[in-house]
Each structure stands twice: as C-alpha cells, then as structure tokens.
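To keep things clear, I will list the structure first and then write my remarks on it.
What you are looking at is a predicted structure, and each value in this text was computed from that prediction instead of being measured. First listed ligand is number 1; within each ligand, the first listed atom is number 1.
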Amino acid sequence: HYLNIPSEKATFSMGCFWAPDSLFGSTPGIITTRVGYAGGSEGFIPTYRNIGDYTEAIQLQYDPNTVTYLELLKMFWDHHDPTAKFKKQYSSFIYYHNDQQKAEAEQTLNEKKAKGLDILTKIEPAGQFFNAEDYHQKYRLQQHKNLCNDLGLKTGEDLINSHVAARLNGYVVGQGGIDQFDSEASKLKLDEAAIKYIRQLVIKYEGQGLHC
Ligand code: MHO
C-alpha cells in the first residue's frame, strides 16, 4: 500500500547510525530507511573502515501526509546530544533536500539556540549518499537471522527497500511499543510464528531506549 503514494526524503546524522535506523524505522509514516555516509568530499568513496570526512547518516523515505518534516526534526533533536563534540563520523548534521526542509531545519536550530544551548549541528544541502555496507542495514533486525530468512530478507538491497524490514528493525528493540505493534502486525502480513517472536522482543525492550 506504500508503493504509489507521494513520498519525501529526509537525511540526518546523529551519531552511530544503528540507533536512528531503529528509532525512525517504527515511526508512523516512515516508508523505508537506509544507513550510509553523507556530507564528505566529492570524489571520495567512503566506507565504514575508510570514512574520510563523511558522517554516519540515516536516510528516510516518508509519507508527508502521515508524518511531517517538523515532527522528524523534533525526533532528531530529542534523540542525540547536539551540543557534544565528536569526531566528524558521529557529528550532528541535517542534510536538507529542498528549501522548505532548509527553512524548517533552521527554524528549529534557532529555537534551540534561543534557549542558550551551544548547538554544534550543521545544516547542509543533501549531496551524494553512499549506502553503508550490507551488514549495517537494519543492524538490529539482522541479529535475528531466522526471522530475516523467514521474511525473505536476504540481501542488503532487500533490507534497504523493505518497509517490513524498517518497521521490524525498530520493533525488535522495543521501538514503537507493543500497542502500536499489535495494531500494525496484520498490515505487515506477518505469520503467527513471526508475530509471536517479535511480540516477546517488543515487550522485553519497550522503554529501554536506544544504544549503539
Ligand atoms: N560502538 C559501535 C559503533 C558502531 S557504529 C555503526 C561499534 O563499533 O560496535 O559506528
């Protein structure tokens, strides 16, 4: 049901990319997610082992009629420390895809600064995005190999393009919560065994937050 609706992209860097992959993956309105490298020098091909001046980034495909860019920005600000100084790999960036995203990103940044916070976040136009290695895509979900196999999620491209993979990558670490999972499970076309398996994980990890 997500194939033919208008969608938009959002790209953020907010530390290790495994956490926002799970955070956003189970957020209503998120269609797909991918993790990768953004914001570095042209002509350089970043990899995890040789990341150069790129940042770890999450790129979202979202349905703007279900979740707004301002709501995504609120999640961005609420789920990392934009005042903490890290090496470039883990630094805080908003990579905007159009003028409206740029304006809304700047507006929220200015609201933070008006509170006296020393925000290090930079706002830059989205340039080339390099997918991270397959083993980083839906990293939390990939720790459940049998589940991935049962769902036919075999390659990195499968994991990147699958809406179900995005949702479950959040649910397996409790993101989204049990009520949302129960109301959504039938739409994801999961079989009874998968539902049972994922339910116990959501219940176990709900409320425990994200870590890398
Ligand atoms: N501390 C984590 C960071 C991974 S992240 C994708 C690790 O190396 O296991 O940068």
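The shortest heavy-atom contact between A105 and I94 is CB-CG2, 3.9 Å.
Under the side chain to side chain contact (heavy atoms under 4.5 Å, CB included) criterion, I45 pairs with F130, not counting sequence neighbours. When the ring-ring contact (aromatic ring centres under 6.0 Å, His included) test is applied to Y135, no partner is found at least two apart in sequence or on another chain.
Between K154 and D158 there is no salt bridge, since no side-chain nitrogen of the basic residue lies less than 4.0 Å from a carboxylate oxygen of the acidic one.
Grouped with F93 in one hydrophobic cluster are Y95, the linkage being side-chain heavy-atom contacts under 4.5 Å among Ile, Leu, Val, Met, Phe, Trp and Tyr residues.
Considering only heavy atoms from C-beta on, Y62 stays 4.5 Å or farther from S7 through its side chain.
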Is there any protein N/O under 3.5 Å from an N/O of ligand 1, and what does the full list of such pairs look like?
from: ligand 1; atom 1: 10 (O); to: Y48; atom 2: OH; distance (Å): 3.1
from: ligand 1; atom 1: 10 (O); to: E56; atom 2: OE1; distance (Å): 3.3
from: ligand 1; atom 1: 10 (O); to: E56; atom 2: OE2; distance (Å): 2.6
from: ligand 1; atom 1: 10 (O); to: Y90; atom 2: OH; distance (Å): 2.7

